[in-house]
2 protein chains.
Amino acid sequence: MTTEKPEPRLRVIASGARTDCDQCEARDRCPGAGLNDEQLKALAAISTTRGPYKPGEAIYRMEDRFHSLFVVQTGAVKVESVSDEGDALVDGFYFSGEMFGVDAIGDSRYRNDAVAMESTWVCELPYDKLEHLCGQIPELQHKIFKLLGHQIRQINNNLVHNRGLPAEKRVMMFLQTLSESNVIRRNEAGRFRLPISKGDIACYLGLRPESLSRALSKLAAEGVIRNNAKLIELVESETAFELAYK
Amino acid sequence: MTTEKPEPRLRVIASGARTDCDQCEARDRCPGAGLNDEQLKALAAISTTRGPYKPGEAIYRMEDRFHSLFVVQTGAVKVESVSDEGDALVDGFYFSGEMFGVDAIGDSRYRNDAVAMESTWVCELPYDKLEHLCGQIPELQHKIFKLLGHQIRQINNNLVHNRGLPAEKRVMMFLQTLSESNVIRRNEAGRFRLPISKGDIACYLGLRPESLSRALSKLAAEGVIRNNAKLIELVESETAFELAYK
DNA sequence: CGCTTGATTGAAGAAACTCAAGGAAGGTGG
DNA sequence: CCACCTTCCTTGAGTTTCTTCAATCAAGCG
């Protein structure tokens, strides 16, 4: 998508001197946020920044042994698995400041692929070391527990609450959730564009690409979104909100 | 459902002297399993056994402040929330040895109701104390992290992987998953009966009661399950397995 | 320039839903 | 003990929604 090499926010965790976490879009979802300098330094000592991953490149694969959690620094990541029928299933999307790989905790291997959707930098947190550090820094332990709880809530909400809804509502809920989470940069007009292919969105929402396309066309006709082929923009409005939640 | 007062397995956590966890049906999902006597005693010191909850009685409600995690000792629990449209949504079921309430970690309140489906005893683990104890007992911390990871995996699998499947497969996957998890006692013939109302199952699977009923009738006609009005039994077989996974 | 990939649109089909009625089981009160 | 009621499950008929299949179109890339 974006071809320009991003300026990676390496310092979010890696240096510890600057707590960039506090300026992060998804502040409360970043493990380092809220720690003091000393604690941040300890966290930085076990973490490694990796990247840039090119679009389509894997950060980990389902065959890999589980060894680390990851935090998105710049870019966007999709996590996908394979259905029993053999086709791709999108488990979730992760953006700047968000942690992924947690579903493998306690398992010997990752059970899905994590793939960059655009040029992406991540911060790797070796799990053993992280767990050990949690035993020494109560604030970090607290934070990680909190993050896990949040992730469980998130998954439940996204999956349970939109299942059974008609396609259009599912789309609007998806867009609203993304909008509220503030993980995607907005343009001047307050709109944001998705770095996710429509195929992936469809898959994540449990729809066929065709069904998503139809829903998007309809929503665009109603004026609540813009739908430019490879680009979706949410037009924030009362109408949009109502379509999502009512 | 069952009217006889259950013999609660209080000692699973409460006494610590006997590590009944090791004989628990869902051994790996019980926080106490794998700890030594001293550690178990510490865990027991912060935990309280509560019950019996009568069928339909709430262990916590969505209005309640989040304060504790719970482990099912005897019985069965459903966790349900409310959709934007106002009707009930079943988030999940929990059986003997399984921990619930974790989706509220890091939140100020529970966001759903936990309701006993049959006469139920639970073990309450005050979250603050548990977290504090985790900082002192690395094995416990490890265990809790593992449990949370497992729960995230579980939710993903149950929700992502059966979405989009036809009703019959959804039912079979649900039954197989339950069967494999070994959380429900089996009768002499190796079959197990569900202490869950069909309405709740339908809701959990994202189906209308009518659709579930039709699916069950069809599966019963094919001989892979028994469907006695208030009772579903899975007839373990190669056919059943294939229907679920192929 | 032609090839590939992803998005769109149309028409026909299948699956689940809604609406409605009927039936079995459990609980309550006479 | 039986009648009644409520609740939950079942079954049927018609409709909505999404899917499937197929063709078209646009964009990116060799």
Side-chain angles (χ1 to χ4, degrees), chain A residues 1-3 54-56 78 80 83 85 87-90 115 117-118 162-172 174 193-221 225-233 243, chain B residues 1-4 54-56 78 80 83 85-90 115 117-119 162-174 193-221 225-233 243:
Chain A
M1 304 295 147
T2 56
T3 52
K54 292 191 287 289
K78 78 173 163 189
E80 61 182 353
S83 77
E85 283 81 19
D87 28 43
L89 291 176
V90 174
V115 179
M117 295 189 291
E118 46 183 28
N162 79 3
R163 108 153 76 196
L165 293 182
E168 290 174 46
K169 278 194 186 174
R170 265 189 246 190
V171 174
M172 289 310 295
F174 172 69
R193 53 170 213 70
L194 291 184
I196 318 177
S197 81
K198 297 197 177 174
D200 285 338
I201 296 176
C203 193
Y204 178 67
L205 294 177
L207 296 168
R208 299 290 135 186
E210 297 96 324
S211 301
L212 175 65
S213 185
R214 283 183 240 276
L216 289 174
S217 303
K218 217 167 171 185
L219 290 168
I225 65 166
R226 257 155 236 245
N227 180 27
N228 296 14
K230 304 226 152 196
L231 197 92
I232 305 173
E233 287 184 81
L243 273 172
Chain B
M1 305 299 146
T2 56
T3 53
E4 86 277 6
K54 291 192 287 289
K78 78 172 164 190
E80 61 183 353
S83 78
E85 283 82 16
D87 27 42
L89 290 176
V90 174
V115 179
M117 295 190 291
E118 46 183 27
S119 188
N162 80 2
R163 111 154 72 196
L165 293 182
E168 290 173 45
K169 279 195 185 175
R170 266 189 243 189
V171 174
M172 289 310 293
M173 264 188 96
F174 172 69
R193 52 171 214 72
L194 291 183
I196 318 177
S197 82
K198 297 198 176 172
D200 285 338
I201 296 176
C203 194
Y204 178 66
L205 293 177
L207 297 169
R208 300 288 135 187
E210 297 95 323
S211 302
L212 175 65
S213 185
R214 284 183 240 276
L216 289 174
S217 303
K218 216 167 172 185
L219 290 167
I225 66 165
R226 258 157 233 246
N227 181 28
N228 296 15
K230 304 225 154 195
L231 196 92
I232 305 173
E233 286 184 80
L243 274 173

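Here is the naming used below: chain letters follow the sequence lines, and residue numbers restart at 1 for every chain.
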Rounded distance in Å - CG (N162(B)) to C1' (dA16(C)) | 15 Å
Return no unless some side-chain N or O of S217(B) is found under 4.0 Å from OP1 or OP2 of dT11(D).
-> yes
Starting at CZ of R163(B), measure out to CG of L205(A) and round the result to the nearest 0.5 Å.
-> 7.0 Å
Rounded off to whole Å, could you give me the CD-to-P distance for the E85(B) and dC17(C) pair?
-> 14 Å
Remember a base hit wins even if backbone is also touched, and classify G206(A) as base, sugar-phosphate or nothing at under 4.0 Å, heavy atoms.
-> sugar-phosphate
Candidate nucleotides dT9(C), dA16(C), dT10(D), ranked by approach to the side chain of S213(B) - the nearest = dT10(D)
Protein-nucleotide distance (N227(B), atom CG; dA24(C), atom P), rounded to Å = 15 Å
Main-chain N/O of S213(B) paired with S217(B) side-chain donor or acceptor, under 3.5 Å | yes
Where protein sits on nucleotides 21-30 of chain D, one letter per nucleotide: B base, S sugar-phosphate only, - none, heavy atoms under 4.0 Å = BB--------
Compare the minimum distances between each of dT19(D), dT10(D), dT18(C) and the side chain of L207(A), then state the nucleotide with the smallest one.
-> dT19(D)
Output for pair (I201(B) CD1, L212(B) CG), nearest 0.5 Å, gives 6.5 Å
Drop me the distance from E168(A)'s CD to I225(A)'s CD1, to the nearest 0.5 angstrom.
-> 9.5 Å
For D200(B), which contact category applies under a 4.0 Å heavy-atom criterion: base, sugar-phosphate, or nothing?
-> nothing
So does S211(B) get a side-chain nitrogen or oxygen closer than 4.0 Å to the phosphate oxygens (OP1/OP2) of dA16(C)?
-> no
Phosphate oxygens OP1/OP2 of dA24(C): is one of them under 4.0 Å from a side-chain N or O of N228(B)?
-> no
When rounded to whole Å, the CD1 to P distance for the pair I225(B) and dC9(D) reads 14 Å
Go through the steps for K198(B) and I232(B) under the test side chain to side chain contact (heavy atoms under 4.5 Å, CB included), then give the verdict.
-> CA-CA 9 Å; K198(B) 297 198 176 172; I232(B) 305 173; 3.9 Å; yes
Roughly how many Å is it from NZ in K169(A) to C1' in dT16(D), rounded to a whole number?
-> 14 Å
Check every strand shown and say whether P166(B) touches a base, only sugar-phosphate, or nothing at a heavy-atom separation below 4.0 Å.
-> sugar-phosphate
Roughly how many Å is it from CZ in R208(A) to C1' in dT9(C), rounded to a whole number?
-> 18 Å
Output for pair (L207(B) CG, L216(B) CG), nearest 0.5 Å, gives 9.5 Å
Hey, are K78(A) and E80(A) close enough for a salt bridge, meaning a charged N less than 4.0 Å from a carboxylate O?
-> yes
Between C1' of dA16(C) and CG of L212(B), the distance in whole Å | 12 Å
In whole angstrom, what separates I201(A)'s CD1 from dA7(C)'s C1'?
-> 12 Å
